[in-house]
Amino acid sequence: MAGPNAVLQPALSRPRRARGRLFALVRFVVMLATTLLGLLAMTFFIGRVIPVDPVLAVVGDRASAQVVERTRIEMGLDRPLIEQFGIYVARVAQGELGQSVLTSRPVLDDIFRVFPATLELATYGTLIGVLFGVPLGVMAAVRRGGLIDQLVRVVGLLGYSIPIFWLGLLALLLFYAKLGWVSGPGRIDVVFEYTFTPLTGIYSLDALLRGDWSAFANIVSHLALPSALLGYFSLAYISRMTRSFMLHELSQEYIVAARAKGLPERTIIWRHALRNAAVPLVTVIALSYAGLLEGSVLTETVFSWPGLGLYITNALANADMNAVLGGTVVIGAIFIGLNLLSDLLYRTLDPRTRRR
Amino acid sequence: MTPLLEVQNLSVRYPSRRGLITAVRDVSFTLGRERLGIVGESGSGKSQTGRAIMGLTPPQARIEAKRLRFDGIDLLQAAASDRRKLRGARMAMVMQDPKYSLNPVARIGQQIVEALHAQRRISRAEAKRRALGMLEAVSIRDPQRVFDLYPHEVSGGMGQRAMIAMMLVNQPELLIADEPTSALDVTVQLEVLRVIDDLVTQRGMGLVLISHDLRLVASFCDRVLVMYAGQVVETLDSARLDKARHPYTLGLLDCVPQLDRPRHPLPTLERRAEWLQ
C-alpha cells in the first residue's frame, strides 16, 4: 500500500481509457451478433424438424410432381443444409421473413401491424405491475409479517396459481356483461372503425395525438380489463421479488449505519435500501416485461386482442410456418434487446459494475 | 454534574423458540467525557451493549435496565423519534467494516452531507463545505476527490476514515466505536485509532471503544470493562492491567504470543460456568 491515502483506482491515461471503451463496444457487438445467430439457428432448425412440408404448404396438395419438384428447387431446398442456413440468415438480415400463407402478405408487415397491440397491453400491464408491485413489496418487507405482508403473500399466491383465461373470463362476465363498467373484447368499438385511423398502432397514444377524446375514452375502457389483468400477474411477481430484495438490503450493515447517523426511517427505506434493491429489480422487471411482450396468448385470445400472441397462435394452427418462425425471430430479438437494456441499466444503477 | 452516560443493570434479551436468550446481563457503568474500553471475545455481548445504548437493536430485542440515561435523558422512556434525534446529533457509532457499513451505491461525500442534512437546515454549499472540512479532519489528504468517490473505490483505511467523518460531522458528545479497526490492515489500524483519539481529545467527547484486543484497548482508554458471556466480569484501570485478578482477564492477557520467548502451544482461553453469577 502506497500510504494511508492510497485509493484503489488505477490511473488510466486518456488514450488507454478510450481504447478500453472501444474494446467494450466491440465485445458488445460480437456478443449481440453471436446471440442473434444462435437465435436464427434455433428457428431455422425448428423449421426443418417440424412435420410441415414447406413445398406442400405453398403449392397445395393437388399440384403435380413436376411442380412440386420445381418449387423445391426454387426454394433452395435441394441444397446442403448449411447453405440453406446461410441463405436464411442473409434474408433475415435484410428484413425478409417470407410470405404468410394465411394473410398472403410479408410476415414482417403482419408483425408490424399486430405488434403495437401487444406493446400497448404489455406496457400498461408492466406499468401497473411496477407502480403497485414495488411499493407493496417494500411495505411488505418493512413490516414483515404485518397486514400488507400477508396481503402480498396472498396476492402473489393467487397470481401464480390462477389461470389467466379463467380470471379473464370471470372479469369479463362481471365488469363487462353484468356491471357494464368497461367495454368488452377488442381494442375499440366498431363505431369508431371509420372515424379513427391509427397512427402508430398504439391506439391510446394515437387517440391522444389526434385529440380524439371520445375514441380515447373508448380505447381506455377496452384496455382497462386486459391491462389490469396482466398488471395483476406482473404485480404478483414484482411485489414478491421486491419484498425479498428489500429484506436482504434491510439486513445489511449500511442500514444500521444510516440509522446511527440519525436518518429518518423513510429516507433509509426509500433512498438507501430501495436504491440498492433496484439493482437486481431492474432485471426482474425487464424480463417480466419481455415475457408480456411475447404476447400473452391466453389474454389476447380471451379479449380478442389482435396482438402478436394471437397472430402466432393462429399461424401455428394453420401451419403457416413462415409466420410462426418470423414471429419467433422477432420475439427472440425483443427478448435479447430488453436483456441488453437491463444490463445497461444495471450498470448505471450499480457503480461497482461501471468501468472507470 | 450529570454524567454523560449512566448504565445500570442493562440487559438485552432475544426471544427464541426455546425462550429468552440473554445477550447482555446486568451491565453497569458510568461514563463522563472519558474513554472506556469494553473487551471480550465474540458473543460476549459487547456489541449488543453498544447498540442498546444507541437504540439500534432489532425490534424484537428486549432491553431492560434500572437506569439508562444519556446526559440525564432517560433513554428507555424516550420516544423513538426523540432517540432518533439523539443519534447522529449527540451520540454516534463507528462500525467494524467500511466495506459493509457504507452504502455501496452512494458517493462518500453524499453520505456525509446526508448526515448533516438529517440534523440541521443548511444550504447544500454549506453542507458540502462542512463535509470537506470533516474529511480533512480525519486526515484525508485530497478531500475534494474522495468526496466524489464510491465506497468500493477507496481502501479499507480510507473507508473507515470516511465512516468516522460521517459519524462525527455533527459533533456528537458520545462516540461508540465498535471494533473500528478489526477489519483493517495492521498497518492502518493505528492510524485510524489515532484519528479517533485526536478527535475525541479535541472535542472532549466521551468514547466507548469496543474491541477484542485487551492490550490495544488498555493503551487507549482510561478504564476497561472485561465482558464474558454477557456479563462484566472485571473492571480495570488501564494503567493497572497487572492488577487483573479474574482468571478470564488473565487468560485474555496471556493468550498473546511474545517476542522474547517461544510460546508453543499458545495457551487457550479457559471458560467456566461458575464465573457467571
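Numbered from 1 within each chain, the chains take letters A, B, ... in sequence-line order.
Residues forming a side-chain contact (heavy atoms from CB on, under 4.5 Å) with A/Ile336 (at least two apart in sequence, or on another chain): A/Leu32, A/Thr35, A/Leu36, A/Leu39, A/Leu340. Residues forming a side-chain contact (heavy atoms from CB on, under 4.5 Å) with B/Arg83 (at least two apart in sequence, or on another chain): B/Leu75, B/Ala78, B/Arg87.
Neither the backbone nor the side chain of B/Gln96 has a heavy atom closer than 4.5 Å to any heavy atom of chain A. Residue contact with chain A, scored on non-hydrogen atoms closer than 4.5 Å, is absent for B/Ala89.
The distance from atom NE2 of A/His272 to atom CD of B/Gln111, rounded to the nearest 0.5 Å, is 6.5 Å. Here CZ of B/Arg84 is found 8.0 Å from CD1 of A/Ile268. Values are rounded to the nearest 0.5 Å.
For CD of B/Gln144, the number of neighbouring non-hydrogen atoms (other residues, nucleotides, ligands) closer than 6.0 Å is 12 at most. Around the NZ atom of B/Lys128, the shell of radius 6.0 Å holds more than 12 heavy atoms that belong to other residues, nucleotides or ligands. Within a 6.0 Å radius of CZ in A/Arg144, no more than 12 heavy atoms belonging to other residues, nucleotides or ligands are found. At most 12 heavy atoms of other shown residues, nucleotides or ligands fall within 6.0 angstrom of atom OH in B/Tyr100. Within a 6.0 Å sphere centred on CZ of B/Arg203, heavy atoms belonging to other residues, nucleotides or ligands number more than 12. Remark: A/Met42 CE is loosely packed, at most 12 non-hydrogen atoms of other residues, nucleotides or ligands lying under 6.0 Å away. More than 12 non-hydrogen atoms from other residues, nucleotides or ligands lie less than 6.0 angstrom from CG of A/Leu25.
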With side chain to side chain contact (heavy atoms under 4.5 Å, CB included) as the test, would you mind laying out the steps for B/Met93 and A/Val256 before giving the verdict? CA-CA 10 Å; B/Met93 182 168 78; A/Val256 178; 4.0 Å; yes

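Contacts between residues 231-255 of chain A and chain B, counted as heavy-atom pairs separated by less than 4.5 Å, involve A/Glu253, A/Tyr254. Inspection of non-hydrogen atoms places B/Met163, B/Met166, B/Met167 of residues 163-178 of chain B under 4.5 Å from chain A.
The greatest number of non-hydrogen atom pairs below 4.5 Å with chain B, out of A/Ala273, A/Pro264, A/Ala260, A/Ala257, is found for A/Ala260.
Side chain of A/Lys261 to main chain of B/Glu114: no donor-acceptor pair is present (N/O by atom type, distance under 3.5 Å, no hydrogens or angles).
Nearest heavy-atom pair, B/Asn103 versus A/Asn276, reported as atom, atom and distance to 0.1 Å: OD1-ND2, 2.8 Å. Considering every non-hydrogen atom in both A/Pro351 and B/Pro104, the closest pair reads CG-O, 3.5 Å.
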